[in-house]
Colleague: 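One structure, as structure tokens, below. Some questions next.
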Amino acid sequence: MYVFVQLAERPDFRGEPPEHEPFVDSLVERQLVLLGGSLGSDAAAYVLRCDSLAAARAVVAEDPLVSSGAMTATVTAWDLVGVDLRLVEPDLVVGS
């Protein structure tokens with residue numbers, strides 16, 4: 001199943017947000033993330049491919065931005081109906 005994860009900055013968080021990139025790299029290595037990116041300065045999103053919504057929530061709980069309290073996560077099952085790989089810029093594809 002595919003899961004849409006939206007991260008939103010918590011305005012009450014104090015301190016520096018932890019590094020997020022190593023976590024994303026681990027998702028790529030584990031072949032769990034389909035795509036992701038920033039939604040401006042205070043939000044981000046990614047799409048996971050997991051066996052269940054519970055498994056996706058467990059992955060999101062590992063995200064340092066979430067576990068530190070810097071951001072909140074909304075996790076939504078997504079009935080993805082298609083992806084046109086011809087529209088993906090080749091330099092964005094990891095491992096190609």
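Positions are given from 1 along the sequence.
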Colleague: For residues Ser68 and Phe13, determine if any side-chain heavy atom of one lies less than 4.5 Å from a side-chain heavy atom of the other.
Modeller: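 They are in contact (side-chain heavy atoms under 4.5 Å apart), so the answer is yes.
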
Colleague: When you compare the side chain of Arg57 with that of Val60, does any pair of heavy atoms fall below 4.5 Å?
Modeller: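 The answer is no; the side chains never approach within 4.5 Å.
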
Colleague: Find the distance between CG (Leu34) and CG (Leu80) and round it off to the nearest 0.5 Å.
Modeller: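 Reported value, rounded in 0.5 Å steps: 6.5 Å.
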
Colleague: Hey, does Val47 have a side-chain heavy atom less than 4.5 Å from the side chain of Trp78?
Modeller: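 Side-chain contact under 4.5 Å: yes.
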
Colleague: Any heavy-atom pair between the side chains of Phe4 and Thr74 that's under 4.5 Å?
Modeller: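 No - every pair of side-chain heavy atoms lies 4.5 Å or more apart.
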
Colleague: Evaluate Val59 against Phe23 for side chain to side chain contact (heavy atoms under 4.5 Å, CB included), listing each step before the verdict.
Modeller: CA-CA 10 Å; Val59 170; Phe23 172 72; 4.2 Å; yes

Colleague: Show the nearest heavy-atom pair for residues Pro18 and Ala70, with the distance to one decimal.
Modeller: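 Heavy atoms of Pro18 and Ala70 come nearest at CD-CB, 4.4 Å.
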
Colleague: If I compare all heavy atoms of Ala56 with all of Cys50, which pair ends up nearest, and what's the gap?
Modeller: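 Result for this residue pair: CA-SG, 3.7 Å.
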
Colleague: Is there side-chain contact between Val3 and Thr76, with heavy atoms separated by less than 4.5 Å?
Modeller: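 Side chain of Val3 against side chain of Thr76, heavy atoms only: no contact under 4.5 Å found.
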
Colleague: Looking at every heavy atom in both Ser52 and Met1, which two are closest together, and how far apart are they?
Modeller: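 What the structure gives for the nearest pair is C-SD, 3.4 Å.
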
Colleague: Quick one: do Leu27 and Leu92 end up in the same hydrophobic cluster if we chain Ile, Leu, Val, Met, Phe, Trp and Tyr together by side-chain heavy atoms under 4.5 Å apart?
Modeller: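 Looking at the clustering, Leu92 is in a separate group from Leu27.
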
Colleague: For residues Leu7 and Val66, determine if any side-chain heavy atom of one lies less than 4.5 Å from a side-chain heavy atom of the other.
Modeller: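 A side-chain contact exists here, since the closest heavy-atom pair is under 4.5 Å.
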
Colleague: Only pairs at least two apart or in different chains count here, so list each salt bridge (Lys or Arg N to Asp or Glu O under 4.0 Å) that has a residue in residues 59-87.
Modeller: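 Sorted pair list: Arg30-Glu62, Asp84-Arg86.
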
Colleague: Quick check for you: to the nearest 0.5 Å, what is the distance between Leu39 atom CG and Glu9 atom CD?
Modeller: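 Rounded to the nearest 0.5 Å, the CG-CD separation comes to 12.5 Å.
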
Colleague: Once rounded to the nearest 0.5 Å, what's the spacing between atom CZ of Arg10 and atom CG of Leu65?
Modeller: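 Arg10 atom CZ to Leu65 atom CG measures 12.5 Å (nearest 0.5 Å).
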
Colleague: Starting from Leu85, can I reach Val93 by hopping between I/L/V/M/F/W/Y residues whose side chains sit under 4.5 Å apart?
Modeller: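 Yes: a chain of side-chain contacts under 4.5 Å links Val93 to Leu85.
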
Colleague: Can you pull out every salt bridge (Lys or Arg N to Asp or Glu O under 4.0 Å) where at least one residue sits in residues 41-55? Sequence neighbours excluded, please.
Modeller: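 Salt bridge (Lys or Arg N to Asp or Glu O under 4.0 Å) check on residues 41-55 returns no pairs.
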
